[in-house]
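All residue numbers refer to positions in the sequence shown, counting from 1. All heavy atoms count here, side chains included; hydrogens, waters and symmetry mates do not. Only a predicted model underlies this, so the values are computations on that prediction, with no experimental measurement involved.
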Amino acid sequence: MDLSLDTLHALPARMIEGWNHGDAAAFAADFAQDAELIDFDGTVHKGRDTVIAFQQPAFDTVLKGSRLVRGEVEFARLVAPGFAVIHHRFGMVMAGEEEPPPSRYFLQLFAVVRQNDRWEIATLQNTRRVSLESAMALDAQTAT
């Protein structure tokens with residue numbers, strides 16, 4: 001049984017590879033069958049099959065040619081036998097872009113469990129990185 005931190009670091013890297021190939025099944029391959037993906041806007045997708053069914057049409061249309069870049073695991077740690085957390089950061093570029101704009105940097109928090117002889121993602125929370133200044137400017141624009 002491989003419990004090394006390197007194995008945990010590989011989970012986000014495989015997700016990025018799936019995304020960058022526009023392959024929702026590869027993107028979700030490490031999700032547990034009953035996993036939850038919480039999108040940056042708060043939408044909850046329950047189950048690996050639901051994640052794939054949501055993600056593939058996006059890869060085929062609005063996200064076609066997009067890439068996740070600058071993926072970096074900030075930390076990965078075992079918190080109990082068979083349970084670990086991973087904190088990951090990345091940026092997203094759309095087709096034709098070289099660098100992500102400031103609004104397209106994200107943080108992810110993975111809760112992973114050891115089951116079915118491998119680490120599986122039980123829950124993944126995506127959060128858009130927004131500075132306090134940007135959040136305040138947005139609030140000012142939408143104030144009534």
Worksheet item: Is a donor on one side and an acceptor on the other found under 3.5 Å between the side chain of D23 and the backbone of A25?
Response: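 Side chain of D23 to backbone of A25, a donor-acceptor pair under 3.5 Å: yes, one is there.
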Item to complete: Look only at the side chain of N116 and the backbone of R118, and say whether a donor-acceptor pair between them is shorter than 3.5 Å.
Response: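 Pair absent, no side-chain N/O of N116 close to backbone of R118.
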Worksheet item: So, for A26 and G18, which heavy atoms are closest and what is the spacing to 0.1 Å?
Response: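 So the two residues come closest at CB-CA, 3.9 Å.
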Practice prompt. Compare every heavy atom of Q55 with every heavy atom of A24, then report the nearest pair and how far apart it is.
Written response: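 The pair with the smallest heavy-atom distance is CB-CB, 3.8 Å.
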With a 4.5 Å limit on heavy-atom distance, are the side chains of [X] and [Y] in contact?
{"X": "I86", "Y": "Q108", "value": "no"}
{"X": "Q125", "Y": "F110", "value": "no"}
{"X": "L78", "Y": "L8", "value": "yes"}
{"X": "I52", "Y": "F27", "value": "no"}
{"X": "V112", "Y": "L11", "value": "yes"}
{"X": "W19", "Y": "M92", "value": "yes"}
{"X": "K46", "Y": "L37", "value": "no"}
{"X": "H45", "Y": "D39", "value": "yes"}

When clusters are formed by joining ILVMFWY residues with side-chain heavy atoms under 4.5 Å apart, either directly or through shared neighbours, do [X] and [Y] land in the same one?
{"X": "L63", "Y": "F90", "value": "yes"}
{"X": "I38", "Y": "F31", "value": "no"}
{"X": "V69", "Y": "Y105", "value": "no"}
{"X": "I16", "Y": "F59", "value": "yes"}
{"X": "V93", "Y": "M15", "value": "no"}

Worksheet item: Does a side chain donor of either D49 or Q33 reach within less than 3.5 Å of an acceptor in the other side chain?
Response: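 Note: D49 and Q33 side chains meet the donor-acceptor criterion.
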Worksheet item: With distance as the sole criterion, is a donor-acceptor pair present between the side chains of T7 and W119 under 3.5 Å?
Response: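 Per modelled atom types, T7 and W119 side chains form no pair under 3.5 Å.
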Worksheet item: Looking at CZ of F75 and NE2 of H9, how far apart are the two atoms once the value is rounded to the nearest 0.5 Å?
Response: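 The distance works out to 10.0 Å.
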Worksheet entry | Salt-bridge contact E72-R70 (side-chain N to carboxylate O under 4.0 Å) |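 Looking at E72 and R70, the cut-off is not met.
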Worksheet item: So, R114 and E120, do they make that salt bridge, N to O below 4.0 Å?
Response: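 No.
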Worksheet item: Of all residues at least two apart in sequence or in a different chain, which pass the side chain to side chain contact (heavy atoms under 4.5 Å, CB included) check with R89?
Response: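 Once residues adjacent in sequence are excluded, the partners of R89 under the side chain to side chain contact (heavy atoms under 4.5 Å, CB included) criterion are E74, H87, L107, R129.
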Worksheet item: Can you check salt bridge (Lys or Arg N to Asp or Glu O under 4.0 Å) on R48 and D34, steps first, answer last?
Response: CA-CA 6 Å; R48 181 187 323 133; D34 62 348; over 6 Å; no
Discussion item. Determine whether L68 and N20 satisfy the following criterion, side chain to side chain contact (heavy atoms under 4.5 Å, CB included), listing intermediate values before the conclusion.
Written reply: CA-CA 6 Å; L68 303 184; N20 291 351; 4.0 Å; yes
Discussion item. Can you tell me if D117 has over 12 outside heavy atoms packed within less than 6.0 Å of its CG?
Written reply: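 No, not enclosed.
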Worksheet item: Would you find more than 12 non-hydrogen atoms of other residues, nucleotides or ligands less than 6.0 Å from M94 atom CE?
Response: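 Check passes, neighbour count above 12.
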Item to complete: With side chain to side chain contact (heavy atoms under 4.5 Å, CB included) as the test, would you mind laying out the steps for E97 and R67 before giving the verdict?
Response: CA-CA 9 Å; E97 293 178 337; R67 293 180 342 272; over 6 Å; no
Discussion item. Does the Lys NZ or Arg CZ of R128 fall within the cation-pi geometry relative to F40 - under 6.0 Å from the ring centre and within 45° of the axis?
Written reply: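 R128 over F40 ring: yes.
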